[in-house]
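Remarks on the structure that follows.
In listed order, ligands and their atoms are each counted from 1. For reference, positions follow the sequence shown, starting with 1.
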Amino acid sequence: MMRKPAAFLLLLPVMAIACRATTGTARRPSAFPAGWRFSSGGKAAFGERFMIASNEKLASDAGNEIIRAGGNAVDAAVAVGFALAVTYPVAGNLGGGGFMVIRMADGRSAAIDYREMAPGAAYRDMYLDKNGNPTNESIVGYRASGVPGSVAGMTEALAKFGSKPLSEVMAPAIRLARDGFVVDSALFRSLSSSQEYLARFGAEPVFYPGGEPIRPGTVFRQPALARTLQLIAERGASGFYSGEVADSLVAGMQRGGGLITKADLANYKVEWRHPIASDYRGYTLLTMPPASSGGITITESLNMLEAAGPPGVWGSTRWAHLLASVYQRAFIDRNAKLGDPAFVNVPIAELTSKEYARKLARTIDPLRSTPTPPNGSQIVDGESTTHYSVVDDKGNAVATTTTLNNGYGSGVYLASVGFFMNDEMDDFAAAPGKPNMFGLVQGEVNAIAPGKRMLSAMSPTIVLDRQGKLFLVVGAAGGPRIITTTSQVILNVIDGGMSLYDAMHAPRLHHQALPDTLLVEANGLSPAVRDSLIAMGHAIRFTGGLANANAVMRVPGGWEGVSEPRSSGTGGTSSR
Ligand code: GLY
C-alpha cells in the first residue's frame, strides 16, 4: 500500500529577507552541547518597523509589499497565506484549513478556527475495512478530504481586522500564479520526492511536464490557480464556496469517489473563538483553543513546569526530565479529552488551570520517569503544515498555521482550478480506542461525525511581556511536534534568556505520551545528561530535525525574525 512521502518537510527552504541583521541584545549567551549542528550567537534578521517570517521568501515578500503599501499585519498575513498557496504547494493551500491568532495594537485579540469540517456524508467507521481495521483512505485520494476552510478563514480575518480590500491583498498571489515565479532547488526536490504520489491524482501535467519535475530556474506559471484566485478576489469567499470553483471541486470529488458536496461547501463556516490566555512567569500567552489541541497542551505543559519549581539550567538533566514529564502528562490529556467543542465537552478551564497543573506536577518524581499508562493514547499526525508570523509597524501581530495535513494533502490535484485537496480526515480517530495502521490510538472524543472538526496540534501563539507589550509571535509545522517545538522556543526565550536566534537554533526534544519515548535531536544532549536521563528511566531516541518553526520577537529598536534553520536557507523580511 502506497504511503505518501513525509521526509521532505525538513528539506524545504525557509525564507525571509532582512534589511540588516543584528544579534539579540541584552540576552544571555547560550552554550549548546558539543557536536550540536548549530552554533549559538548568530545574527537574526532585523527590521525597525515590521517583520514577517514564513517558509517561503516570495510569500514573505507578498506581506512586505502590503505593509509597505500601508496595510496592517492582518492584511499582510492574508497576502502571505494566499501567496503560500502559489509558491509553497506542499503545505500552502486553498484546499486545506488552519488557525490564526490575532492581537491588535489596541489590545483586541481573536482566534479564528478555519479548520476543515467532515463532509455531511462522513460517518464514524468510514475508514475501517470489513475486519474493522483502518484503511489508508483517510490519507490518500478523494475520500481523505475535509471541507476546506482556508479561503473562508482568510477572507473573514481580513473583513474583521484588515484595512485593505481583498483584491489588493490578493494581488501579489495572483501575480505569482499568473506571471509565474522561478522554481528553486527546494521546490524541485520536494516535487522529485513526491512524483509517484502526485502522479496518481492529476498533478503530473502541471508539476511534471514531460514526466520530470519542473527544474530549478524555470518560470512556473499556474493559470488555473490564477483564475481561481481572481474569482476569490472579485467575489470573496463565495468565489470559492459557490460558482465555478465549487462546481469543479465537487465534480472532481464525484469523479474520484470523494464525499464533498455543494451543500458541504455552502455550509462551511469559520468559528471565531477567544484565544486561550494564560500567564507563564508573568508573560501572557495568547494561543489557539479547540478544535486545535495546541493551546491547551502548551498551556497545561507550561503551567506544570511553573508549578514544578525552578526549571533547571537549560540543557541540564533536570530541564530535560521536567520537559519530558510535563509534555507526557499534557499529551495524555490531549489525546483522551480534546475534540471539536461543538460535539464534545472539552474541559478547557480545568485543563488550563494552575490548580490542575499543580496537582499533575506533584506526580512528577524528580528522579524517575513515569511510564505512560497503556491507555495513554498515541498520535501520529501529518507533517506538512506551515506557520508564519507577522508583526506590522503599528504593533499588530498575527500568528497563523495552515495545512493540507501531509505534504500535498491527499495528493488530489484539481487541475481545472489549480489546487491540491487536504487529507485532514486522517486527524480524526479513525478507530477510537484501537491502534490504526500507524499505531494510532485516540479517544472517542475525536471520532468522525458529519460537520465535525478533526483535532489539530497547530499552535499559533502570541506572547506579551510582563508589561503587556507584544513580545513574541511563534508557531510551527510538524504534527504533534508543533506543540513541543512552539513551547520550547517560548521557554528558550523566557527561561533560557536566549536571543531569538539561539532559541530557534537550540536542540529540541519531544514527548507525546505514547510511544513512551523521549525524542531528542541528534547530538542535542550532552553525553552526561543523556546517561543520567537513561538512568532515570527515560527511553531516549535520537532523531533528525524536530518540527519547522517561524518566529518574530521584539528587541530594542525593532523586531527580529528567524525562519526555521533546520531547512535550507534562512532569512526574515522587514521594512526600513
Ligand atoms: N494536520 C496536522 C494538525 O492539524 O495538527
Report summary line: Check: of Gly98, Ser459, Ala457, min heavy-atom distance to atom 5 (O) of ligand 1 comes from Ala457
Requested in this report: Could you tell me whether some N/O pair between Thr385 and ligand 1 is separated by less than 3.5 angstrom?
Outcome: no
Requested in this report: Mind checking whether Arg115 contacts ligand 1 via backbone (N, CA, C, O), side chain (CB onward), both or neither, at a 4.0 Å heavy-atom cut-off?
Outcome: side chain
Report summary line: In this structure, CG of Leu285 is separated from CD1 of Ile276 (nearest 0.5 Å) by 10.0 Å
Query raised in the report: Does Leu455 reach ligand 1 with a nitrogen or oxygen that is under 3.5 Å from one of the ligand's nitrogen or oxygen atoms?
Result: no
Query - ligand 1 atoms in contact with Met458 (distance to a heavy atom under 4.0 Å) - result: 4 (O), 5 (O)
Could you list the donor-acceptor pairs under 3.5 angstrom formed by side chains in residues 149-158, with sequence neighbours left out?
residue	atom	partner	partner atom	Å
Ser150	OG	Asn93	OD1	2.5
Ser150	OG	Gly96	O	3.3
Ser150	OG	Gly97	N	3.3
Thr155	OG1	Val151	O	2.7
Thr155	OG1	Ala152	O	3.2
Glu156	OE1	Trp272	NE1	2.7

Requested in this report: Apply salt bridge (charged side-chain N to carboxylate O under 4.0 Å, His left out) to Lys160 and list each qualifying residue two or more places apart in sequence or on a separate chain.
Outcome: none
Requested in this report: Verify side chain to side chain donor-acceptor pair (under 3.5 Å) between Thr135 and Asp129, making sure each step is shown before the conclusion.
Outcome: CA-CA 6 Å; Thr135 67; Asp129 65 16; over 6 Å; no
**Report entry** Donor-acceptor pair between Ser190 and Tyr408 side chains, under 3.5 angstrom
**Finding:** yes
Report summary line: Quick look: Met454 vs ligand 1, heavy-atom contacts under 4.0 Å, and the answer is neither
